[in-house]
Every structure is written in structure tokens, then in C-alpha cells.
Amino acid sequence: MQRGWRVLVTGGAGFVGSHLCERLLADGCEVLCLDNLKTSGGENIDHLRSAPEFTFVRHDITQPVFVEGPLDCILHFASPASPRDYLRHPIHTLKVGGLGTYHALGLAKAKQATFLLASTSEVYGDPEVNPQPEHYWGHVNPVGPRSVYDEAKRYAEAITLAYHRAHGLRVRIARVFNTYGPRMRVDDGRVLPNFMSQALRGEPLTIYGTGLQTRSLCYVTDLVEGILRLARFGAPEPLIINLGNPDEVTVGALAREVLEVTGSSSGIVYRPLPEDDPRVRRPDIRRARRILGWTPAVPRREGLRSVVPYFRKALQEAECVRSRVEA
Ligand SMILES: NC(=O)c1ccc[n+]([C@@H]2O[C@H](COP(=O)([O-])OP(=O)(O)OC[C@H]3O[C@@H](n4cnc5c(N)ncnc54)[C@H](O)[C@@H]3O)[C@@H](O)[C@H]2O)c1
């Protein structure tokens, strides 16, 4: 990002948002981190609070928003993201994708700021093509339990493009594929935190379905690099870009890799597949490579190994809190 830019990150206290805030500060930007702490506790940004160029704004983006002074860029990341969170907060998820995106776009228009939406691979639903290119329209069940997230993001994409067409706003859409790294919540229900927590606790790893469904996992620093390249890309036309690691792996193979990197002797148990769970997930990143010169740099095994100490510590802390509460 350009040194000296004033950037608003909605959802900035979350897993990805906090890494973005950290990197923006390191790049010499002024950062306004807006979050209502709906799915994070604020601890992800504790280490940033004393930085003079960092401001935390506690606000619910489903309510109208105004900030003093100029803004160069808005990175709109506020939204429940894990299935456990969006199934627990279905209406809020739709509101933040709809009203929240509307308010964030209104602010971008008022400030003539570049607007970048964090969309998701879930806009492709349970895809019929693999890998998924940006021109694929998706295969989404509009009334299934996951639709609150998928359709909220599809609406968010539509209104983002509408602001470009109606008001000439400079917009970018990042379709983010599964990302992992430090600061994920150990209990957020996504496949990697699940496997890591179970392996490190010595519990069997739960595979939903046969384990032949595929995922692709991108390390968070790679994602952040892609987001920032997309945000600062100069062209006035809208850009829609997949950001993810194309190294596809079956969930069964991922479970075995987690057992290996954690040194765990846990077994594996199989449970029924949740409704509308995607069978394949793999980004086609040719556009990101060509336009942004971006490609993920962290191989999965290296990323998995490097994240083990984080999960180990986070589980110990969660265990301490639990014993204090029970005592
Ligand atoms: N992590 C991934 O693998 C992944 C994949 C695809 C898309 N994304 C997108 O990236 C974004 C961040 O995901 P994450 O994994 O960091 O999730 P997260 O839950 O850790 O972070 C989301 C943040 O948004 C905040 N938030 C929620 N509702 C809000 C509201 N109404 N007003 C203000 N803040 C609000 C939460 O408190 C939280 O801090 C989301 O938009 C998500 O859809 C993430």
C-alpha cells in the first residue's frame, strides 16, 4: 500500500483484518480499524493499539458510518466468516453483507476512496467447474443454511459494482478462498482449526463426509500481499480477483498432514456431511498472476508447520480460562 495512505479496515479486529492492519502500519499507512467485535474479542489488535498511526473505532457497520478527515482506501472485511459464526448469526450475516456493504460504499463515495470488498469463494457455491475462474457464475442454493453467507456476499458484490456503474467509484473485489494462520479462533469450526485443536488435544480428527472433498488453503501473509496489490492497482475499472492457493488437497489428506506436523497419534472419525458443503474448492489464479503478479509463496506443509505453535499456545490459554471458570 502507498506510504502515507489513510486506510479504513472494517472487520479490522478479526483474523484477516488484524493481519491487514499490522501490514498497513508496517508499510507506513495510517489505519482506522472499525469493528463491533461480533466474532472477535479485540485481542488480535492489542499489540497495535499503542501505535500512533492506529485508531480503533468500535462501530457496527450495519449502522450508518461517518469518519472525520480524508480516506484513500476502504478494505471492507466486516462479516462473520466461519460457518459456525454465520449459522449462529444468520440475520446479522445478511445485514452486514447488505446494509454493512451499503454503508461502507456510501463512505467510500463521500471520501472518493478506493473500495475493496472481501468476497469469498462461497459465491461459487458447490461448484460444477474446478478450478473456479472469476467468470464462473456459481452454483448456490439460495435457501439452504449456508445461503445467508453466500447470498450476502453475492449481494455485496452486486452493490459494489452498482456503485462503480452509478457513481464511478473505484472498486475491487477479492474472492478469498480458505485462508489460515495465527489468530484464527481455535473453536471457529473451520476445517484447519478443527483438525489442529483435535490433534493437539489428542482427540480424533472429525472428517465430515468421506474426506474426498477438496479444499485449498492459503497462508494469511500471502492473502494480505494479494489484497494490498489489488487495493493499490491503479486502473479505474473494477477488478474481480480470486485470491487463494491453488494447491488442492482432499480433506482426508489434510487430516493426515495435520497429524504429521503436530506429531499427534490421534485417529480419525467420520460424520455426515453438512448440507450444501462444497465438494471441491480450488481457485483459478491466472488473473491474479497476470494482473497483479501475485502468487502464493508459502507451501502448505511449511504453513501448517509454522502455525502449530500458535494453536498450541491458544489451546493452552483456552484451557486456563476454562479451568478458572470451573474453579
Ligand atoms: N478467513 C477466510 O478463510 C476467508 C475466506 C473467504 C472470505 N473471507 C472474508 O474475509 C473477511 C474476514 O474474515 P475472517 O476470517 O477474518 O473472519 P473474522 O470473524 O475473524 O473477522 C471478521 C470481523 O468482522 C467483525 N464484524 C462482524 N460484523 C460486524 C459489523 N456489523 N460491524 C463491524 N464489524 C463486524 C467481527 O467482529 C470480526 O472482527 C470476511 O468478510 C470473510 O467473509 C475470509
Side-chain angles (χ1 to χ4, degrees), residues 8-22 32-46 56-65 67 74-104 107 116-124 132 146 148-157 160 173-193 215-224 226-227 230 241-245 278 281 283 296 303 307:
L8 176 77
V9 184
T10 77
F15 158 52
V16 178
S18 63
H19 284 277
L20 276 169
C21 291
E22 193 175 275
L32 282 78
C33 165
L34 181 150
D35 204 298
N36 68 347
L37 306 183
K38 182 92 177 169
T39 57
S40 58
E43 60 285 345
N44 290 339
I45 50 161
D46 277 346
F56 177 63
V57 183
R58 185 155 185 179
H59 182 77
D60 180 344
I61 194 71
T62 67
Q63 302 297 320
V65 61
V67 297
I74 296 180
L75 304 177
H76 180 42
F77 277 68
S79 169
S82 83
R84 189 167 288 171
D85 286 339
Y86 62 71
L87 295 175
R88 193 185 301 142
H89 305 295
I91 295 170
H92 178 78
T93 303
L94 283 158
K95 277 176 75 179
V96 77
L99 280 173
T101 305
Y102 168 67
H103 291 141
L107 184 62
L116 184 147
L117 169 71
S119 185
T120 168
S121 55
E122 300 295 325
V123 297
Y124 300 123
Q132 295 84 54
R146 299 171 73 100
V148 296
Y149 183 64
D150 305 3
E151 297 292 14
K153 290 289 185 180
R154 288 167 69 98
Y155 175 90
E157 289 201 6
T160 297
I173 294 177
R175 291 196 179 139
V176 178
F177 284 65
N178 285 5
T179 299
Y180 69 103
R183 304 196 196 125
M184 293 190 96
R185 294 197 329 271
V186 289
D187 60 350
D188 90 353
R190 289 184 260 201
V191 63
L192 191 72
R215 295 293 181 265
S216 58
L217 300 177
C218 185
Y219 197 69
V220 66
T221 50
D222 281 336
L223 174 69
V224 165
I227 296 287
L230 180 56
I241 299 254
N242 285 338
L243 292 176
N245 192 319
R281 241 327 154 254
V307 87

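Side chains included, hydrogens not; waters and symmetry mates left out as well; all remaining heavy atoms used. If you read the sequence from its start, that first residue is 1, and numbering goes on from there. Both counts, for ligands and for their atoms, begin at 1 and track the order of listing. None of these values were measured; they are calculated from a predicted model.
In this structure, Arg175 has no heavy atom closer than 4.0 Å to ligand 1. Under the 4.0 angstrom criterion for non-hydrogen atoms, Tyr180 is not in contact with ligand 1. Proximity of Arg190 to ligand 1 is established by a heavy-atom distance of less than 4.0 Å.
Scanning Ala81, Ala152, Ser79, Cys218 for the heavy atom closest to atom 22 (C) of ligand 1 points to Ser79. Selection from Asp35, Ile61, Thr39 by nearest heavy atom to atom 18 (P) of ligand 1 gives Thr39. When Thr179, Asp188, Val65, Ile227 are checked for heavy-atom proximity to atom 3 (O) of ligand 1, Thr179 turns out nearest. The heavy atom nearest to atom 8 (N) of ligand 1, considering only Phe15, Tyr86, Tyr149, is found in Tyr149. Distances from atom 7 (C) of ligand 1 to the heavy atoms of Gly17, Gly11, Ala118, Ser119 put Ser119 nearest.
Nearest protein heavy-atom neighbour of atom 12 (C) of ligand 1: Phe77 O, 3.5 Å. Counting protein heavy atoms only, atom 29 (C) of ligand 1 is closest to Asn36 OD1, 3.1 Å. Of the protein's non-hydrogen atoms, the one nearest atom 41 (O) of ligand 1 is Lys153 NZ, 2.8 Å. From the protein, the heavy atom lying nearest to atom 31 (N) of ligand 1 is Asp60 OD1, 2.8 Å. Closest to atom 16 (O) of ligand 1 among all protein heavy atoms lies Val16 N, 2.8 Å.
For ligand 1, the atoms sitting less than 4.0 Å from at least one non-hydrogen atom of His59 are 32 (N), 33 (C), numbered in the order shown with element in parentheses. Listed by number with element, the atoms of ligand 1 under 4.0 angstrom from any heavy atom of Asn178 are 3 (O). Ligand 1 places these atoms under 4.0 Å from at least one heavy atom of Val176: 4 (C), 5 (C), 6 (C), 7 (C). Listed by number with element, the atoms of ligand 1 under 4.0 angstrom from any heavy atom of Gly14 are 20 (O), 21 (O), 38 (C), 39 (O). Atoms of ligand 1 found under 4.0 Å from any heavy atom of Thr120 (numbered from 1 in listed order, with element): 6 (C), 7 (C). Which parts of ligand 1 touch Ser40 is read off a 4.0 Å heavy-atom cut-off, strictly below it: atoms 37 (O), 38 (C), 39 (O). Of all the atoms in ligand 1, the ones that sit under 4.0 Å from a non-hydrogen atom of Leu37 are 37 (O). Atoms of ligand 1 found under 4.0 Å from any heavy atom of Ala13 (numbered from 1 in listed order, with element): 39 (O).
Thr62 and His92 form no side-chain donor-acceptor contact under 3.5 Å, judged by distance and modelled atom types alone.
The shortest non-hydrogen separation linking Leu37 to Ala13 is CD2-CB, 3.7 Å.
Residue-level proximity to ligand 1 for Lys95 is absent, since no heavy atom of it falls below 4.0 angstrom. At a 4.0 Å heavy-atom cut-off, ligand 1 touches His92 through the side chain alone.
Using a 4.0 Å cut-off between charged nitrogen and carboxylate oxygen, Arg146 and Glu122 count as a salt-bridge pair. Salt bridge annotation for Glu157-Arg154: absent, with no cationic side-chain nitrogen under 4.0 angstrom from a carboxylate oxygen.
Between the side chain of Thr179 and the backbone N or O of Tyr219, no donor-acceptor pair lies under 3.5 Å.
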